[in-house]
Structures are given as structure tokens and as C-alpha cells.
Number of protein chains: 2
Amino acid sequence: MVTPTSHPPIEGVPQVRSFNRLVTERIGALSDEYLARGRPLGASRLLWEVGVAGADVRDLRVRLGLDSGYLSRLLRNLEAEGLIEVVVSPEDRRVRLARLTSKGRMERVVLDRRSDELAESLLAPLSEGQRGRLVAAMAEVERLLTASAAELREVDPADPDVAHCLHEFFGELGRRAARPVTEEDVPTAEDMRAPHGVFVVAYLKGAPIGCAGLKQHDGFAEVKRMWVDAGARGLGLGRRLLDHVEGLARARGIEVLRLDTNEHLTEAIGMYRSAGYEQIPPYSDEPFATHWFEKRLGERGAGDDREGGAAN
Amino acid sequence: MVTPTSHPPIEGVPQVRSFNRLVTERIGALSDEYLARGRPLGASRLLWEVGVAGADVRDLRVRLGLDSGYLSRLLRNLEAEGLIEVVVSPEDRRVRLARLTSKGRMERVVLDRRSDELAESLLAPLSEGQRGRLVAAMAEVERLLTASAAELREVDPADPDVAHCLHEFFGELGRRAARPVTEEDVPTAEDMRAPHGVFVVAYLKGAPIGCAGLKQHDGFAEVKRMWVDAGARGLGLGRRLLDHVEGLARARGIEVLRLDTNEHLTEAIGMYRSAGYEQIPPYSDEPFATHWFEKRLGERGAGDDREGGAAN
DNA sequence: ACCATTCGCTGATGTTAGTCAGAGGATCCA
DNA sequence: TGGATCCTCTGACTAACATCAGCGAATGGT
């Protein structure tokens, strides 16, 4: 799935390797020590994932990425310890529901405490100032690794994930522009199906968190439905989507990209400008459009050195 | 071993926990995927540790923290794959020496490449600027986690680690002061044995990387032999050692601390001043002493909130 | 009413990781 | 020279972490 760019060497690889080594050793070893309470670590994780609200077994399987049989066994072990109980779901009697017993809830509290202690054991030896810097640096690493984990995929416009994205997109547009948007106002992405267009969805841990579409016209192509989930902003994902779509357009020999947007989407407008788009007169009559932009795609230049054009 | 401070809640615990979760999942899962080349991960790690120069089995056992029997088995597996060969050491025929065959060296190169690819796969989706920030933040996390992993232990002055520290200390002192120091000039730490003093050594991964001693006199105590290994500077270890020794002194009811130092140890002098030590007239005639300092220990105040006094 | 599918469970089986006791040879020290 | 110690290996064992095939009950679509 991941195709590391091969030719231009990426700066910082040794530092990343060194980080990986240190962090997996230190954090990994400590986690075991703190969290395996006489129980296999997998069971502790499972206990945690069941959570106070309970969860159905199907979800747990997906979340933890476990084999159905294996999970079943783990559940029975926890059940034997009296920490959880598994009952059939009232809605679908094939589905089973795991939830914590009161003993299980107590154990979960203990686990929570142990997690805190693990974190404290890392912070405790440091001075006040060092702690602050460590926490800040960890937050930065976390943000950027999250950004890096986002994956772009070309998706068929009929995919439910596309509908989700468009729904969110128009929902926000309506809110920002203070114009109510009903279900029927939300268009499909059928006009961006295969030969005449592409629809790209950004995923994080399997959930769609952004999108962008490309629609070909005569002599130019149009970038449409640029959206990034509110919870995933600030990760540079919008720019990445745009770069990706531009790469796809370039690969198809397209030389001019256009797009329209709404005056209330200020961050988007800023991003388009900084990506080299210039404002042009209206070329469409989309309901929400207030600003129109255009960019000539030259040869791949500086700043385009990622995502490998049409790859991924 | 680690005793998390219990009462004053430590800031940043949730952030650290979140970081731990993300990093173990993301890096851990990726590591497996990239490095387990059809071989158990442990074997790959071992192959790596044997290294181009070869290593004797005893060292490997310590470095990887493996059981003697288990390691033996792993070695035989690698041997069966034709990746290493194990021969008896010429110096001590009990000891066995593992070294890579040419096939093993090639495999190690592949492993190296895979590690690079792992790192690249994290960096590749990011923009130039994000990469720079990620690498910088990783370096910061690594430095601070290393600092946090350093462990202070009270050690008997006869321990060979103490000799090592003093040797390094006087070596550097001689170099800085441009005055040759012979083996005989290096004193022992016998005057800091149990009831009349303490000697504290800082360890990182089992290796001594710093020290500080406390010697009790009438009416005051003296801090002596403050040293931090050149490779471990900038981690705040000097200050931590000093704080720790002050805590020990306080616990013994000592109210006045003195120390002498040499004009060429400028960082140390800076640290003493910032820790509240004030310059006083000479009180000793140590060969290298050029500056003398004193600090009155009051009640534990701000900035002393770590390491829990005499604990650890 | 039927069939395909979904869901969870069970049994069989395999690999990885790790522990423990002790054998056997080599070395060190008194 | 004789014990104590060191180093490695073997055999026996265990726990954790899976994978796979198939069963039986429930469900949804036609």
C-alpha cells in the first residue's frame, strides 16, 4: 500500500530510525510491565476496549484486528475471571454484546491508574521545564504521525464513504454560509466517475476524513468537493489532497485546473492562493460559488516531491 | 524500582498516554511488517545485533536480555539458514563467537534497507516543512526520554563503576586544566562510604554516565566528584544529581552544603550558581580547587519537586 | 419458503517467545 | 591438582498469540 518514494533521498531517516528504536524499546517494555496484570496483555487491551459502555463483539474484532476465534477465546477468559459478561444483542440476535461487570469496571479503573503511573514514571525524573518540553514534543510527534498515517484512495462515487464526505461538506458549507442545506441539496459525485473524473477520499484508521474530486472538461479540469473533517484540520491534509489531485490531473495530460469555492471557506481560499491558484472571473453557476480560481500545471516543480504523482 | 511521585499530580499525563498508544500501535505494527522477513522478529533483531564485526554470545545475551538457552536456539536457527556461523573464541575456549556469513551480511543490508523504508514511509506523506518539524520533535522526545531513563543509585565506593566515574572525571579535569593526571592521582571514594557519606552513580542502560558524592563534616557536608559523561550532557543530569544529593543531605538533617571546583569546569560552575550556591573563601586545599561554594539548605521549596528526597 | 450471508463459537493445529534444570567442557584460583 | 566458577548447549516444558475449517443459529432478500 505504502510506496516510499525511491529516488530523492528523504532527509531525517536516521533520526526517525533512532526514534523508533528508542521508543519501541522504552515504551514497549514499560507498557508490559505496567499493564499486564497477571493476565496476557491482549486480554488487558480487550478489557480496555470493551469500555464502560460495552461494545459488540463485531466492533471489537475490527478495532483490535483480531481473528474471530481468537477473540472469542479471549472473551471467554475474561468472562471466566468474572470481569465481563457477554449477552446477545436485542436488535440482532446473531450479534453478541460484551459489557463489563462491576468487578470488570473496577479492574478497568486499576488499568487506568496503571496507565497514568506509566506516564508518570516517564515524567517524574524530569524537571518542570523538561516535562513541558517533552509533552509538547510528544504532541507534535503525535500530530505529525497522525497526518502521516492518513491515506488517500481513489473511490467509486457510489461508495457510502463518498456520500458521508459530501454530506459533511455541504453541512458545513450551509452552516458557514448561514443557508440551510437539506438532504436533497447534497449532490452525488457521479459526475466524477472513472473516465471523466476521479474522486479521492482520505482515510484515517479506516474512517473517511476528507475528500477531493476531479472532473474533466474540454481544455481544463475542475477540482470539486474539497473537504477535510473538522477533527483532522491542521494536519496539512487539504494541501495533500490538492497536491494529489493535481498529480492525477498532470498524469492525464491536463494543463489547466479550475475550481470554485465559497467566500465563507476562508482557509480553503487561503490554501488555493498559496498553492498557486489565481482568481478568475466566474466560469460556473454553482449555487454556493462566490470565488473562482485557476492554475496552470507546469512541469513538476519544487514542493511537489511527494505522493508520487498518480501513485498510491 | 521506579516510584512515581504520588501526591502532586503531574501535568501532561494524558498527553503522554495518548502518545504511548499512538506510537506503539503505529510504529510497532509497521516495524513488524517491515522487519520480520519471513523469520521471527527476534531472529531479525539478533541478526542485526551480531553486526558486521561479529559478537560473542555472552555479549549478545546481555545486550538483548535473553535467556541463555533461548539465545542458543535462535543462533542455531540462523546458522541453519546459513546466515551466521558460530565458532569458539580463540582467547577463551568456553566463549563462542557469532559472525555473519556473506549471506548473512547481505541479509543484514536488506534489513537495513527495510528500516530505512519504514522511516521513509512515515516521512513520505508529509510536506517538506512537516518532515522537518517531525524530525525535530522526535529528536526532542528521544533526548528527553533518554534523560528520563537515567537512573540514580547509591553505590558502594568500592564498586568498579565508581572507579570508572572517577577515572573519567579526573581525566577530563586534567585535560581541561592542561595538567596531566596519572593513574595514581585519581583518588578513591572511600571517604564517602556509608555512615559518613554517600556516593551516587547515574546509570543509563546499565552503564555509569555520571556521579556525585556527599561527604559529611562537622556542621556541614561537602558535595564532591560531580561528573557527567560527555555523551550524556545536556540532559539535565548534573542538576538532577545535585538535587538528589541535596535531598539526601536534607534527609540527614544537614543544613549547609559546600563544594569546591575548578575554574575550567565552567558549566559546572554555572550550574552551581543557578542552583543557589554562593561563592565563599577557600575552605579546602584540594589540588585542583580554584573556586569554593556554599548553599544553605532551607525547607524544600519550588523546583525541588522531584526524585522524592532520599527515594530511589 | 428458500437460499445466501452474517455472526460468533469450537476444535485442531502451529509458531513464537520464553523459562528452568542440568550436562559437559573450559578456565581460574588456591 | 582439585574444586569453584563460567560459558554454552540440550531437553522438557509453558504461555501467548495466533490461523483455519466448519458448525449452528439468526437474518435479509427474493
Side-chain angles (χ1 to χ4, degrees), chain A residues 24-25 28-29 31-50 54-81 83-99 160, chain B residues 24-25 28-29 31-50 54-81 83-99 160:
Chain A
T24 48
E25 273 173 25
S31 296
D32 292 7
E33 181 187 328
Y34 274 87
L35 300 181
R37 309 226 321 131
R39 183 180 7 264
L41 234 173
S44 286
R45 257 199 306 265
L46 177 55
L47 191 62
W48 183 262
E49 281 294 334
V50 169
D56 59 56
V57 174
R58 189 179 26 178
D59 279 9
L60 291 173
R61 209 169 32 231
V62 176
R63 283 218 298 272
L64 295 167
L66 294 177
D67 172 81
S68 152
Y70 185 35
L71 175 60
S72 181
R73 249 168 283 266
L74 285 176
L75 284 172
R76 263 185 314 130
N77 287 345
L78 289 178
E79 209 166 20
E81 277 194 81
L83 298 172
I84 62 168
E85 48 184 7
V86 181
V87 296
V88 297
S89 158
E91 293 126 43
D92 182 338
R93 301 224 312 278
R94 287 171 305 182
V95 175
R96 306 201 68 193
L97 223 61
R99 62 160 171 265
Chain B
T24 48
E25 275 173 23
S31 297
D32 293 5
E33 181 188 329
Y34 274 86
L35 300 181
R37 308 225 322 132
R39 182 176 13 261
L41 236 172
S44 287
R45 257 199 305 267
L46 177 55
L47 191 63
W48 184 262
E49 281 295 332
V50 169
D56 58 56
V57 174
R58 190 180 26 179
D59 279 9
L60 291 172
R61 206 166 39 229
V62 176
R63 282 219 297 273
L64 293 167
L66 294 177
D67 172 81
S68 153
Y70 184 34
L71 175 60
S72 182
R73 248 170 284 266
L74 285 175
L75 284 172
R76 265 185 312 130
N77 286 346
L78 289 178
E79 209 166 19
E81 279 193 82
L83 298 172
I84 63 168
E85 49 185 6
V86 181
V87 297
V88 295
S89 159
E91 294 127 43
D92 182 339
R93 300 227 308 281
R94 289 170 303 182
V95 175
R96 306 202 66 191
L97 224 61
R99 63 161 171 263

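Every chain is numbered from 1, with letters handed out A, B, ... down the list of sequences. As the structure is a prediction and not an experimental result, all values here were calculated from the model.
- When all heavy atoms of A:L41 and A:A36 are compared, the pair lying nearest together is CG-CB, 4.3 Å.
- When each of B:L75 and A:R94 is assigned the nucleotide of DNA chain D bearing its nearest heavy atom, the one mapping closer to the 5' terminus is B:L75.
- Distance A:L97 CG to C:dC9 P: 12 Å, rounded to the nearest Å.
- For DNA chain D, the outermost nucleotides in 5' to 3' order that have an atom under 4.0 Å from a heavy atom of chain B are D:dC6 to D:dA12.
- Residues satisfying the side chain to side chain contact (heavy atoms under 4.5 Å, CB included) test with A:R99, not counting sequence neighbours, are A:E85, A:V87.
- For C:dG11, its base sits under 3.5 Å from the side chain of A:R73 at one donor and acceptor pair at least.
- Atom CZ of B:R37 and atom OG of B:S44 lie 8.0 Å apart (nearest 0.5 Å).
- The nearest whole Å value for the distance from the CZ atom in A:R96 to the C1' atom in C:dC9 is 8 Å.
- If you find the closest nucleotide of DNA chain C to A:D92 and to A:D67, the one lying nearer the 5' end belongs to A:D92.
- By the side chain to side chain donor-acceptor pair (under 3.5 Å) test, A:R76 is found to be paired with no residue, residues two or more places apart in sequence or in another chain being considered.
- B:S89 contributes atom OG, which lies 8.0 Å from atom CZ of B:R58 (distance to the nearest 0.5 angstrom).
- Distance, B:L64 CG to C:dG18 P: 10 Å, rounded to whole Å.
- The interatomic distance linking A:E91 (CD) with C:dC7 (P) rounds to 13 Å, in whole Å.
- Remark: C1' of C:dT13 and OH of A:Y70 are 15 Å apart, rounded to the nearest angstrom.
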Distance-only donor-acceptor hits, side chain of residues 61-75 of chain B, under 3.5 Å, sequence neighbours excluded:
unit_1 : atom_1 : unit_2 : atom_2 : d
B:R63  : NE     : B:E49  : OE1    : 2.6
B:R63  : NH2    : B:E49  : O      : 2.7
B:R63  : NH2    : B:E49  : OE1    : 3.2
B:D67  : OD2    : B:G69  : N      : 2.8
B:D67  : OD2    : B:Y70  : N      : 3.1

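- A:R96 contributes a side-chain N or O that, together with a main-chain N or O of A:V86, makes up a donor-acceptor pair within less than 3.5 Å.
- Listed by residue number, the members of residues 37-45 of chain B with any heavy atom below 4.0 angstrom from DNA chain C are B:P40, B:L41, B:G42.
- If you take CG on B:N77 and CG on B:L47, they are separated by 12.0 Å, rounding to the nearest 0.5 Å.
- Taking A:D92 as the reference, A:R94 meet the side chain to side chain donor-acceptor pair (under 3.5 Å) condition, with sequence neighbours excluded.
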